[in-house]
Each structure stands twice: as C-alpha cells, then as structure tokens.
Protein chains: 2
Amino acid sequence: MSTEQPDMPELKIESGSGQQTNVQPLQLGKRLREIRKSLNLTLEEASQKTGLARSTLSKIENEQISPTFTAVQKLAHGLQIDIPQLFAKPRTTMASGRRVLTKSGQGTPHPTSTYEHELLSTDLARKKMVPFKTRVRARSFDDFGDWVRHEGEEFLLVLEGELALYTEFYEPVAMVAGDSVYYDANMGHALVSLSETDALVLWIVAR
Amino acid sequence: MSTEQPDMPELKIESGSGQQTNVQPLQLGKRLREIRKSLNLTLEEASQKTGLARSTLSKIENEQISPTFTAVQKLAHGLQIDIPQLFAKPRTTMASGRRVLTKSGQGTPHPTSTYEHELLSTDLARKKMVPFKTRVRARSFDDFGDWVRHEGEEFLLVLEGELALYTEFYEPVAMVAGDSVYYDANMGHALVSLSETDALVLWIVAR
DNA sequence: CAATAAAATAGCGTATAGGAAATATTTCCC
DNA sequence: GGGAAATATTTCCTATACGCTATTTTATTG
C-alpha cells in the first residue's frame, strides 16, 4: 500500500456516476467467502474466531447448508461484521468511489431572508446527505412565516455563536458552539440567533 | 475521553436523552412477534404469507428454535420487511417527530487506536445519519492496517487542526479548519493529523 | 514435476430445526 | 360463566444443520 505524501489543498470535483441496482439473490455464502478472504483468514482461523467448525463454514460458504440464526450471529460477532451489512447490497468495491472536497468559504451560496446557506457539496448525484454551512440571520421566531417542514432528518452542529432551536413539539432550546442536535425534519423547525452577530451552524439534511 | 472544554451557560433545557441501548441480546423472536402483531396477522396468516408452518413461527417467536437463514428469508419476504431492519435496534420510530440534543462534550465516547469518536446522537434507532465528533490521533497512514471501507456515504468537516485525507482512488489531500469533503465510504479512506496536536473533525455517516 | 504441507471439502453421527396434527389457551358471543 | 370459534402451543416425526474426522484439492518448495 502506497504511503504517499499529501498534496496541497485544492478543490477537486468529480461528478457522480449513477449505477445502482437492487434485487439481490442474496448469496450469503458467496458473501461470506468474500469477507473472509478480504480478512485474509483461513477456514481454520475463521473457525477459531467464530466458534463454528471448519466444515460448517465451508458448507455455508458453498451454500450446502442454510446456517441457523445463531450461527449467523457467531459469524458476525467473530468476524466483526454487523449483521445488516451482511444483507446489504453487493459491495460496489469498484470505481463507485467518488469524493468532493470543498474549501472553506468556497461552497455554493444560497441566501434566504432568515438563513444564509452555503452548500458544501455540489453536484454529487444521488447522494444521501446535503451538507450546508449556514449563517443564521433570524433574530426572532417571528422572522419565519410558519414552521419549516420537509421529508427527511436533520443534524446540526453549532460552529459559532449562540442560538435557539425552535421545534414543533418541544420547548425551544438554547445551543452554543459545540452543541448538536438531531431531529426529524417533518417536525416544524426554525433557528434563531441569540447573539448580536449571526450564528454559524453546520447543517445536514438526509433524504 | 472528554478533552473538551466545559460548555457555556444554558437557558432552556432538553438534556440529551442518554440511555444506553447497547449490545442487543438480539431477541429475534420478540421482534418478530411485534412485527406480526403490528401487521395484525395471526400465526396462520403469517404462515400462509411466509410458507412456514404455524408451529415453526410459534417456536421462533418463543425462541425455542433458531431459524435457519432460509427461514429468515421467507419471513422477511412474506412479511415485507427487509432483513437489516430485523436486526436493527429497537423501533423507537422517530418518524413521530423527535429530537435529540447533545451538549458539547456530552456524546458517547468510542475510542480506537487511530481515532477517538464521540457519538453525537445516542440510540439512533433507525436514523439515516450517524454523527460523530472525532479526534484524529493517527499521525501517519501506516497507523492504519488497511483501508477502511463500508457501506454508505460520509461527510466531514474539519473543526480544528490540519489533516490529510487519504482515499483509495485519489491523491491524498490536505484539509484545514472549515474545509469539508463528501465521499463514498465504499472507497477506502483514512484520516491523518498533520499538526502536532490531534485534529478535530465532524464526521457524518449516512447509510 | 514430485513430494509435502496447507487448506478446503465430504462423510457420518448427533443435535436440532421444520411441518402435520393434537392439545391447550384465549377470545367472543349468548 | 358455558360453550364455540379462533388463535397459539406442544408433541412427535422427518429433514437438515453442525461438529468430528477422514479425504480430496490446492498451494509450496525442492
């Protein structure tokens, strides 16, 4: 594995490619073999880690038997894989790898009356999250017409300043730099700066 | 852990609900019963939908037997639940509108040799994102055994310090406070601090 | 290529999961 | 509460998963 030194900061953009198909025949055996191989384990070693017999592992991998749930648990525990991952889509090990780097202050601006969003990740197709850095200009809840509500979930971390988070079913709560909150975006929500200057938050929306 | 500075004054409250739902005995049976009940199905009906015998279902629900993987598949298919969901932590459907506030430094610590994670949102039943505040201890890429790869996508924002992001298909890139990056977590990735002190990043994983 | 070692697979006995039917329990009328 | 219907559990038998050991296959080295 090459240990090269990092190059200097610089904005790199790679637009995402869009493949992704579902529907797995779910070949547990094949999957397990892949995982074991990737861990460079022999059946014997895997056997010791999991407490299952070599032969059993072999049979599972070759789909000669259907492991009991307890066996699957032992496998997952022994090989350090979590069970949901076992059943997740095939590993898109290939060149689905993409990244987008955004330098400080170089995001795409998107101002509103109450917020000043800076979109931190430009066109990465079909991404699961949308990250903003947001300057909160609102100084009172009345600056908002009504609750903001939408599908998805949101996480936010206060970067600077002090603000109040208003949410529909709870009391408003004060937050300072370093505090974070996670909530369902279907619940009405709004941010108000409590300091003289605008507050700054990192804001992430998941679909 | 908690190398954090104590946090600032606070007004209204809403302490992060910090209950531990750790390490599940993973009571598949109980879980299945819940699901079946919630679908208003009798054992007989569930039997017809899944192709498994009433008695078998009963035994599974009462944890008298450990279903084979094929049985689990039939269950999942017949009852329209996807398998990962079966093994996820307790329901706690946060769709009903919920929020979790985490005060600075009050997250759940989770140290490794290279990173020091602070989980910012406790018991995320089925959340779409998992937020960490992470202290990067690694000083060289060699501190990692091999690439870290897993399902999902990641966003990260540098909070303090200076670091290098190594990713599988790209050149490593330097990042300073305020910079952020979004990438596919299936692509191998690793963070290395370039400063003398540990670097601090906000790290979010979407499934 | 042999010879040998290492790893994976196959055979077989035992433990246990799965199905059909009997039994027990709960639910719901009257 | 007593019965009857619906639902759940238990029993018993067959099918199959699991572990031990033997065998075959694959990798290594002279």
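Chain letters run A, B, ... following the sequence lines, proteins first and then strands; every chain starts at 1. The figures here come from the full heavy-atom set of this structure, side chains too, leaving out hydrogens, waters and symmetry mates.
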Taking OP1 and OP2 of dG18(C), is either one under 4.0 Å from a side-chain nitrogen or oxygen of T68(B)? yes

S58(B) side chain N/O closer than 4.0 Å to the phosphate oxygens (OP1, OP2) of dT9(D)? yes

Side-chain donor/acceptor of K74(B) to base of dG19(C), under 3.5 Å: no

Out of curiosity, R31(A) CZ to E63(A) CD, how far, rounded to the nearest 0.5 Å? 12.0 Å

Test item: side-chain donor near acceptor, Y183(A) and E153(A), under 3.5 Å: no

Separation of K59(A) atom NZ from dG13(C) atom C1', in whole Å? 11 Å

Do the side chains of R36(B) and E61(B) get close enough for a salt bridge, i.e. N-O under 4.0 angstrom? yes

Look at the side chain of S55(A) and the base of dC20(D), then say whether one donor and one acceptor between them are separated by less than 3.5 Å. yes

dG19(C) phosphate, OP1 or OP2, under 4.0 Å from T56(B) side-chain N/O: yes

Short side-chain N/O contact from N62(A) to OP1 or OP2 of dA8(C), under 4.0 Å: no

Looking at side-chain heavy atoms only, is the closest gap between I204(B) and V130(B) below 4.5 Å? no

Please step through side chain to side chain donor-acceptor pair (under 3.5 Å) for the pair T134(A) and H117(A), ending with a clear verdict. CA-CA 4 Å; T134(A) 300; H117(A) 299 298; 2.8 Å; yes

Rounded to the nearest Å, what distance is computed from the CD1 atom of residue I60(A) to the C1' atom of nucleotide dA10(C)? 16 Å

Rounded distance (Å) that lies between atom P of dT10(D) and atom CD of E63(B): 14 Å

Does a side-chain N or O from R54(B) land closer than 4.0 Å to OP1 or OP2 of dA22(C), or not? no

Separation of atom CD in Q48(B) from atom C1' in dA6(D), rounded to whole Å: 14 Å

Taking only side-chain N and O atoms of R36(A), does any of them lie within less than 4.0 angstrom of OP1 or OP2 on dA7(C)? no

Ignoring hydrogens and angles, answer whether the base of dA6(D) and the side-chain atoms of T42(B) contain a donor-acceptor pair closer than 3.5 Å. no

Does dA8(D) have OP1 or OP2 under 4.0 Å away from a side-chain N or O of K37(B)? yes

In whole angstroms, the gap separating P of dA20(C) from CG of L43(B) amounts to 15 Å

Take the protein atom CD of Q64(B) and the nucleotide atom P of dA17(C), then report the distance between them rounded to whole Å. 10 Å

L75(A) CG - dG19(D) P separation (whole Å): 10 Å

What is the distance, rounded to the nearest whole Å, between atom CG of L52(B) and atom P of dA8(D)? 15 Å

